[in-house]
Amino acid sequence: MTNDKDKNGNPDVIMCTDDAGMQLYLSERAANRLSWILTGVLILISMPVFILAFMSM
């Protein structure tokens, strides 16, 4: 009897590189979580701009 992990093999990996040659390897799940975290940080950073725009109306 084999494990499900043996059948699936390695999970899909997303590789990001830059011009300097640095590489970042993320699983698809980790990349998805990172994108949601960065989206939340971007919303928190930009929220004061929208609050000030509505307050000045």
Side-chain angles (χ1 to χ4, degrees):
M1 184 176 240
T2 61
N3 260 347
D4 288 336
K5 291 180 182 177
D6 295 337
K7 291 179 186 176
N8 293 337
N10 290 337
D12 292 332
V13 174
I14 298 171
M15 181 179 72
C16 302
T17 60
D18 65 353
D19 294 336
M22 293 188 66
Q23 297 179 347
L24 176 66
Y25 295 94
L26 294 172
S27 68
E28 188 173 345
R29 186 175 181 186
N32 190 20
R33 285 183 182 173
L34 183 62
S35 68
W36 278 108
I37 290 170
L38 292 177
T39 301
V41 169
L42 184 65
I43 289 171
L44 288 175
I45 289 173
S46 62
M47 192 179 296
V49 175
F50 292 111
I51 291 172
L52 288 174
F54 283 112
M55 286 178 64
S56 67
M57 292 177 105

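Nothing here was measured: the structure is a model prediction, and the numbers come from that model.
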Following the transitive rule for hydrophobic clusters with a side-chain heavy-atom cut-off under 4.5 Å over Ile, Leu, Val, Met, Phe, Trp and Tyr, establish whether [X] and [Y] coincide in one cluster.
X	Y	result
Trp36	Leu44	no
Ile43	Ile51	yes
Met47	Met55	yes

Subject >> Gap between atom CD1 of Ile37 and atom CG of Leu42 - 0.5 Å precision >> reply: 14.0 Å
Original post:
How long is the span from the CD1 atom in Ile45 to the CG atom in Leu38, to the nearest 0.5 Å?
Top reply: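 Reported value, rounded in 0.5 Å steps: 9.5 Å.
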